[in-house]
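These notes concern the structure reproduced below.
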Amino acid sequence: MITIALPDQHIYDRLAPQLPDVNVIVWGPADGAPPVHINLVLAGYLGASGGLGAFAGMDVAAIQSQSLGFDGVESRLPAGITYCNAVGVHEASTAELAVGMIIAEQRGFPEHFANQQSGTWNQREQPGVAGKTVVILGAGGVGNQIADKLAPFDANVVRVARSNRSDARGAIQSMDALPALLAKADIVAIAVPLSDATTGLVDAAFLASMKPGALLVNVSRGKIVDTDALVAAASAGHVRAALDVTEPEPLPSDHSLWSTPGVTITPHIGGATAAMHARVDALMRDQARRLVSGEQLAHVIVDGR
């Protein structure tokens with residue numbers, strides 16, 4: 001029989017009744033050798049990718065992550081184990097946060113929150129979102145969801161990816177067009193995966209190319225942005241930033257980014273909403289169906305076979 005391992009009793013109580021055709025157990029590598037061969041183990045959510053080395057020597061065929069990102073997995077995953085990421089689980093929630101950050105910053109919420117603490121009534125015009133140009137770097141799940149969620153706000157949305165192409169949502173510009181787009185963008189949202197090509201993509205030159213006063217939103221990975229360059233650009237008043245991810249992460253309490261003017265930070269909570277649980281359940285039901293029917297697992301990042 002196919003065996004699927006879940007990381008804790010809470011997830012077991014929720015998910016096991018939905019998987020009647022497989023043997024479901026509660027197990028993780030901290031428990032020692034598994035009692036049976038495990039066809040698929042659902043990893044814990046936060047920080048799970050950093051502990052992949054603990055699966056070395058374990059009788060486990062595949063790991064299902066609860067995260068969408070997979071940077072660094074190949075170097076940490078023991079040989080012979082397949083790794084799947086959580087496509088469909090976090091895209092909507094991460095885009096929700098990105099759009100929330102855009103609205104909050106463009107309508108001056110940080111200023112209004114600060115004024116509330118001092119009892120200050122200060123009415124002034126804010127830039128808003130309507131009529132603004134939003135450049136989204138990334139035309140994958142998160143980038144497309146950001147574009148969809150911005151549609152009702154009457155913004156001019158431009159998606160940018162590696163190549164110039166079109167899809168059901170319209171045109172996608174290539175990276176070659178980025179310098180000209182940055183000069184016109186009121187908002188730049190980062191929604192690309194971390195790779196050798198994107199590490200440090202948002203550097204001093206990138207930030208200098210941005211329109212003065214423009215907003216940078218990063219819900220992807222902290223290493224895509226050069227932190228020192230951002231601190232310098234924001235401190236000079238050239239750009240503003242709303243960051244759900246930072247480099248380093250977690251951000252030390254004494255780091256200068258915390259107090260950089262024009263910067264708002266949330267602690268990597270893009271996908272951390274109640275919506276993820278039903279989506280993880282749906283993903284696991286599909287993976288269990290595939291295992292039972294002898295099909296290939298979905299969303300394979302590393303094929304350990």
Side-chain angles (χ1 to χ4, degrees), residues 5-15 18 26 28 30 41-52 63-73 76 83-105 109-110 113 136-138 140-150 189-194 215-225 227 241-253 255 257-258 263-287 299 301:
L6 304 177
D8 58 56
Q9 188 65 41
H10 175 73
I11 295 178
Y12 177 92
D13 291 343
R14 185 188 82 225
L15 187 51
Q18 304 179 48
V26 176
V41 57
L42 178 65
Y45 178 40
L46 296 175
S49 63
L52 291 176
I63 298 170
Q64 173 63 61
S65 171
Q66 293 190 61
S67 296
L68 184 61
F70 53 86
D71 42 285
V73 164
R76 296 192 295 266
Y83 183 92
C84 307
N85 72 329
V87 172
V89 172
H90 299 295
E91 291 90 336
S93 294
T94 303
E96 172 185 282
L97 179 65
V99 174
M101 285 177 152
I102 290 170
I103 294 170
E105 297 297 324
F109 283 12
F113 291 152
I136 303 172
L137 294 189
V142 174
N144 287 339
Q145 287 267 343
I146 294 173
D148 290 348
K149 287 173 170 51
L150 281 173
I190 309 298
V192 293
L194 181 65
L215 173 68
L216 177 74
V217 177
N218 188 9
V219 292
S220 184
R221 286 292 186 265
K223 289 183 179 180
I224 293 172
V225 176
T227 301
L243 311 172
D244 186 48
V245 290
T246 62
E247 174 56 30
E249 191 173 304
L251 192 65
S253 59
H255 197 285
L257 190 61
W258 284 114
V263 174
T264 298
I265 300 168
T266 55
H268 203 153
I269 55 168
T273 74
M276 71 171 286
H277 306 305
R279 294 167 189 254
V280 167
D281 292 356
L283 175 60
M284 290 300 290
R285 289 196 303 270
D286 182 63
Q287 297 289 47
H299 317 309
I301 300 302

Requested in this report: Grab the two heavy atoms, one from Ile136 and one from Ala191, that are nearest each other, plus how far apart they are.
Outcome: CG2-CB, 4.5 Å

**Report entry** Between CG on residue Leu283 and CD on residue Gln66, distance to nearest 0.5 Å
**Finding:** 9.0 Å

Requested in this report: Say whether, by atom type as modelled, one donor and one acceptor occur between the side chain of Ser220 and the main chain of Ile190 under 3.5 angstrom.
Outcome: no

Requested in this report: To the nearest 0.5 Å, tell me how far His10 NE2 sits from Leu15 CG.
Outcome: 10.5 Å

Requested in this report: Please report the C-alpha distance between His90 and Tyr45 in whole Å, then the side-chain angles of each, then the deciding distance to 0.1 Å, and finally whether the ring-ring contact (aromatic ring centres under 6.0 Å, His included) criterion is met.
Outcome: CA-CA 12 Å; His90 299 295; Tyr45 178 40; 5.2 Å; yes

Query raised in the report: Considering all heavy atoms of both residues, which atom of Arg76 and which atom of Leu52 are nearest to each other, and what is their separation?
Result: O-CB, 3.7 Å

Query raised in the report: Hey, what do you get for OG1 (Thr94) to CD (Gln145), rounding to the nearest 0.5 Å?
Result: 9.5 Å

Report task. Taking the side chain as every heavy atom from C-beta outward, state whether Leu42 and Pro7 have any atom pair closer than 4.5 Å. Result -> yes

Query raised in the report: Taking atom NZ of Lys149 and atom CG of Leu97, what is their separation to the nearest 0.5 Å?
Result: 11.5 Å

Query raised in the report: Is there a side-chain contact between Leu68 and Val87 (heavy atoms, below 4.5 Å)?
Result: yes

Query - Gap between atom CG of Leu257 and atom CG of Leu243 - 0.5 Å precision - result: 6.0 Å

Requested in this report: State whether the side chain of Gln64 and the backbone N or O of Ala43 hold a donor-acceptor pair below 3.5 Å, judged by distance alone.
Outcome: no

Query raised in the report: Quick one: does Trp258's side chain have a donor or acceptor within less than 3.5 Å of a partner on Ile265's backbone?
Result: no

Query raised in the report: So, do Ile224 and Leu137 sit near enough that their side-chain heavy atoms are less than 4.5 Å apart?
Result: no

Query - Residues in side chain to side chain donor-acceptor pair (under 3.5 Å) contact with Ser65, at least two apart in sequence or another chain - result: Tyr83

Query raised in the report: From Asn85 CG over to Phe70 CZ, what is the distance, rounded to the nearest 0.5 angstrom?
Result: 6.0 Å

Query raised in the report: According to the side-chain hydrogen bond (donor to acceptor under 3.5 Å, both in side chains) rule, which pairs have a member within residues 264-284, sequence neighbours left out?
Result: Arg14-Asp281, Gln18-Asp281, Ser93-Thr273, Glu105-Thr264, Asp244-Thr266, Glu249-His268

Query raised in the report: Quick one: are Leu251 and Thr227 in side-chain contact, heavy atoms under 4.5 Å?
Result: no

Report task. Say whether, by atom type as modelled, one donor and one acceptor occur between the side chain of Asn144 and the main chain of Ala147 under 3.5 angstrom. Result -> no

